[in-house]
Enquirer: 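Below are the structure tokens for one structure; questions will follow.
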Amino acid sequence: MSNNIAYVLGHTLYLNITNRCPCVCDFCIRTHSKSVGSGDNLWLDEEPHRTDVMNALAEYDLGRYRELVFCGYGEPTCRLDDLLWICRKVRGLRDIPIRVNTNGLSDLINGRNTAPEFYGLVDAVSVSLNASSPEKYDAICHSRFGLDALPAVLKFTKEVGEYVPEVIMTVVDNDTPREELDACEALCKETGAQFRVRRYITTYEEEAQKPDPQIS
Ligand code: SF4
């Protein structure tokens with residue numbers, strides 16, 4: 001079970017702590033592959049207890065990796081309390097940068113303002129932006145929060161920048177028109193986050209060439 005919880009891609013160690021997600025994004029790699037990097041099947045039989053996650057991490061020498069990233073076949077902030085507990089434990093073990101790849105819906109998922117909770121525990125947050133309007137976002141991400149999703153993503157991104165040193169917003173370029181990419185970049189700028197365009201990919205072989213799996 002443990003290599004479904006922690007997996008390696010390139011020089012980065014990833015944690016797959018949940019398969020829950022309020023979205024069904026058109027581009028999500030989990031719709032066409034079950035493995036990423038050394039994780040042969042990121043579909044979990046059951047969510048690992050947070051101590052199981054620490055046990056999975058104990059199998060790796062954290063000093064060998066550039067970064068520890070919460071990014072699996074689900075939205076990690078669906079387990080925000082456990083995620084932050086794990087960050088606190090890792091902080092006590094080793095000085096490794098910690099990043100969370102997220103759809104930015106943490107506030108709606110958890111029903112509270114969550115950005116302050118990241119302070120001191122997370123070094124970087126990468127938020128999927130994906131579209132320049134609530135309607136376009138809904139057409140791509142099919143969030144259960146509907147048209148409320150994108151405004152919540154933008155609000156969270158802006159706020160988390162006050163508590164986390166590095167915040168990035170990403171857009172997957174799936175033959176996306178230049179005007180749409182420009183509109184996304186303009187929205188991103190309003191949050192104060194950095195902007196990055198990711199190429200659309202469909203296979204693990206392609207995935208291995210990229211710095212991150214195409215999830216969240
Ligand atoms: S890309 Fe991320 S937010 Fe979208 S369905 Fe996949 S796990 Fe959920």
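By convention here, the first residue in the shown sequence is residue 1. Both counts, for ligands and for their atoms, begin at 1 and track the order of listing.
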Enquirer: Return yes when at least one N/O/S atom of Cys28 is nearer than 2.8 Å to atom 4 (Fe) of ligand 1, and no when none is.
Expert: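 So Cys28 does not bind atom 4 (Fe) of ligand 1 by this criterion.
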Enquirer: Does Phe27 come within less than 4.0 angstrom of ligand 1, counting non-hydrogen atoms of the residue?
Expert: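 Yes, Phe27 has heavy atoms under 4.0 Å from ligand 1.
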Enquirer: For ligand 1, note which part of Cys21 has a heavy atom under 4.0 Å away: side chain, backbone, both or neither.
Expert: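 Side chain only.
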Enquirer: Applying ring pair (Phe, Tyr, Trp, His ring centres under 6.0 Å), run through Phe118 and Phe156 and close with a yes or a no.
Expert: CA-CA 11 Å; Phe118 288 71; Phe156 169 80; 5.6 Å; yes
Enquirer: What residues form a salt bridge (Lys or Arg N to Asp or Glu O under 4.0 Å) with Glu67, not counting sequence neighbours?
Expert: Arg99
Enquirer: Among all residues two or more places apart in sequence or in another chain, which pass the side-chain hydrogen bond (donor to acceptor under 3.5 Å, both in side chains) test with Asp182?
Expert: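 With sequence neighbours excluded, Asp182 shows a side-chain hydrogen bond (donor to acceptor under 3.5 Å, both in side chains) to Arg178, given in chain and number order.
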Enquirer: With under 30° as parallel and over 60° as perpendicular, where do the rings of Tyr60 and Tyr65 fit, or are they tilted in between?
Expert: perpendicular
Enquirer: Which ligand 1 atoms does Asn103 reach within 4.0 Å, using its non-hydrogen atoms?
Expert: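 Within the 4.0 Å cut-off of Asn103, ligand 1 contributes 3 (S).
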